[in-house]
Amino acid sequence: MNDEKIRQQIEKLREDINYHNHRYYVLDDPEIPDSEYDRLFRELEKLEEEHPEFVTPDSPTRRVGAAPLKEFSKITHATPLLSLADAFSEEEVREFDERVKKLSGTGHQFTYIVEPKIDGLAVNLLYENGKFLNGATRGDGFTGEDVTQNLKTIKSVILRMMKGSKPHPSRIEIRGEVYMSKKDFNSLNMEREKNGEPVFANPRNAAAGSIRQLDPKITASRPLNIFLYGLGSSKGFEPATQEEFFKTIKQWGFRTNPEVRVCYSISDVINYFNRLGEKRKSLDYEIDGMVVKVNEFSLQRELGERTRSPRWAIAVKFEPEEAVTVIEDISVQVGRTGILTPVAKLSPVRVGGVEVGRATLHNIDEIERKDVHIGDTVIVRRAGDVIPEVVKPIPEKRTGDLRKFIMPEECPVCSAPVTREGAYHRCTNISCPAQIKEGMKHFASRLAMDIEGLGDKLVDQLVDKGIVSDLGDIYRLDNETLSGLERMGDKSASNIIEAIEKSKHPSFERFLYALGIRLVGEYVAKILAKRFRSIEKLSHAAEEELLSIEGVGPEVAASVVKFFKINENMNVVRKLLSAGIKIVEPDENVSAVLEGKTFVFTGALKKFTRDEAKRLAEHSGGHVASSVSSRTDFVVAGEDAGSKADKAKQLGVKVISEEEFIKMVEKE
Ligand code: IVH
């Protein structure tokens, strides 16, 4: 074979490899098996080894292999990498929109482009005539560190631009975010832990630490990725909009984020933000908000920049889900099934949008594993609807004034002995007032017997005063007893009595769920009710029979059998039935009042959490969606219902209040 033929063969292999590389790393849609890719790669390696005169720096074989550096050299960016002003509320986003409108003058038609704000580190990539020349970190915005060799090890950083509908510019700076996926971060940390190496605090630190390695081989061993999102200086490419910029660089083979959208109004932008917040957990990379940019470059130029940040863009941040505070004390809470849960009393701190003063520590094993003490400075976390929890202490903040937490040997409420079952401690007295109170609150709750007005405070009073001591006693309450209580008028007393009366005809599954049998949640209650149809039959069921039901595991089976074996429990059940509770067979037609209807919840709900509202709607045959569309039947608007309610009005979707929603469900 003559030299020219060989050169052509090498070039063809590079093109094929680049093509498959793009399918695999950028589009996440490989066309050939890994083994075939490896074969092509080995063939190229072999030819290049035999003909070193044909090796070029942009060959796919040159991603790894550069020698370690002593230090990074500096690169001055052709145009500075600005940062963004932050917004934390819908109001601030609307203010941004007002400013843009005011500065742009009247009659200016423009749109916004919205993008997830990737939590990684910003880099600048420089390409000349379609070839990757160098790459740098953001640094101080003007000058960064030359991390070219490290960036080359990232397979989604293309070394050569592909053909697109537009010619390659002679020179172009493209900005983006290097990041590590959540999955890769977790496996990297697991691996490091196994090898006794220090773990990274979060994916961003892991990505930043990996890109700033002097030895590119180390960077190559770290699973990094990139999304490109910005245009720096460019010669020979002048897109009209950010949208066109994305479309073109995608054709050239650059990896862009699939969640990018164009918005036609600020309400659209806010809608996108809310949807992104809901989607956040399911994304495989971390984001800390969204970036809103004016889509048209002409208007961007007109608006210009402040010192460090543009007037044409803003970062809208999610409420941070973690905060730092101090554990003032640790107390013990006794739950419905007698489990003792250690709860940290915190110096109040804002996290995830609300003020938090307490956080669960789960159980003693967790306290020991996390090495948490009273007096520790800790990270607390609250994500969505979940109970705030203590993530870990910050040992560097310790002053020596620490106290170890010890689980009490006696129940803090009734002084009965406490037993230990695995990680859990449990009060052995099933008549423990704490257990009775919690059991009663559960019994009266919306998804159980749904006794309106029989809330936490009233239950505490009734048990503390000895007026009720088991669930059956609820049905012996009368007007006179109730209206004699603190802060209780005649009217509220009779409302509660009425609600108690109304609760006397539950479905079997509700009743079963209301009894509060350990491990019998709504779902298990439903399958048990379906199978046994009566409490009489269920109470005689043997463990094997329960185990034969799909969805019932050994622990659930044992717990059900144990519950009905305890005399006191059976007495309570009998007492309830003799007090007039009549279990009704569910009538399929009536229970599906919301059948086929789609709901969207928005704003702060007063009566229940989002999860409860969702379950409630689904209980009655409804469906719950996260965003408003023409297929939505009802938007349930709580307090401060913003853009979703607006959107509903635009689309002509019915907006109802929380109270109206409750009425609909109660028709059941
Ligand atoms: S645009 C002038 N778009 O956020 C435009 N930045 O404070 C500035 N970031 O340093 C950047 N995702 O590291 C832009 N889709 C995105 C982004 C993004 C993450 C980071 C970037 C920048 C910081 C802005």
Side-chain angles (χ1 to χ4, degrees), residues 77-88 92-93 96 99-100 112-125 135-145 147 151 154 156-157 173-181 202-212 224-234 239 241-243 245-247 249-250 254-263 269 272-273 276-277 279-280 283-297 299-318 320:
H77 310 301
T79 50
L81 271 78
L82 299 173
S83 76
L84 292 169
D86 289 331
F88 289 96
E92 286 175 332
V93 180
F96 163 71
R99 280 198 303 276
V100 170
Y112 288 114
I113 197 154
V114 286
E115 310 169 12
K117 187 168 187 296
I118 317 294
D119 208 3
L121 83 153
V123 293
N124 184 62
L125 309 180
T137 58
R138 187 176 114 86
D140 62 4
F142 300 97
T143 308
E145 284 174 326
V147 286
L151 286 166
I154 304 174
S156 46
V157 169
E173 280 183 325
I174 300 187
R175 275 92 197 249
E177 200 85 353
V178 170
Y179 71 93
M180 193 178 286
S181 77
N202 54 48
R204 179 168 37 84
N205 284 1
S210 303
I211 216 69
R212 296 194 64 258
L224 296 173
N225 213 334
I226 194 167
F227 281 125
L228 284 314
Y229 52 67
L231 178 60
S233 70
S234 98
T241 59
Q242 172 80 2
E243 187 185 10
F245 162 75
F246 273 127
K247 220 171 104 190
I249 68 164
K250 228 155 97 177
F254 290 98
R255 190 162 181 269
T256 59
N257 189 285
E259 309 296 331
V260 172
R261 297 286 180 276
V262 173
C263 288
V269 169
Y272 174 89
F273 182 69
L276 192 64
K279 203 165 182 183
R280 184 180 183 187
L283 296 174
D284 88 327
Y285 46 89
E286 291 210 328
I287 59 175
D288 57 347
M290 74 166 168
V291 181
V292 188
K293 301 172 183 170
V294 166
N295 194 15
E296 290 75 13
F297 283 112
L299 181 53
Q300 286 192 8
R301 279 189 290 271
E302 211 175 292
L303 292 165
E305 276 105 37
R306 296 182 215 90
T307 332
R308 304 301 302 267
S309 60
R311 289 200 185 82
W312 46 264
I314 197 162
V316 191
K317 296 284 196 62
F318 294 130

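First listed ligand is number 1; within each ligand, the first listed atom is number 1. Please read these numbers as outputs of a predicted model, since none were measured by experiment.
Side chain to side chain, Glu177 and Tyr229 meet the donor-acceptor criterion of an N or O pair below 3.5 Å.
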For Glu145 and Arg212, what are the C-alpha separation, side-chain angles and deciding distance, and is it a salt bridge (charged side-chain N to carboxylate O under 4.0 Å, His left out)?
CA-CA 9 Å; Glu145 284 174 326; Arg212 296 194 64 258; 2.8 Å; yes
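The two residues Leu84 and Ala313 come nearest to each other via the heavy atoms CD2-CB, 3.6 Å. Closest non-hydrogen pair, Ile314 versus Ala85, comes out as CG1-O, 3.3 Å.
Protein neighbours of ligand 1 below 4.0 Å, counting non-hydrogen atoms: Leu82, Ser83, Leu84, Glu115, Pro116, Lys117, Ile118, Ala122, Arg138, Glu177, Tyr229, Val291, Lys293, Pro310, Trp312.
Between Tyr112 and Phe96, the ring-plane angle classifies as tilted under the 30° and 60° cut-offs.
When the side chain to side chain contact (heavy atoms under 4.5 Å, CB included) test is applied to Asn295, the partners found at least two apart in sequence or on another chain are Thr111, Ile113, Thr241, Gln242, Glu243, Val262.
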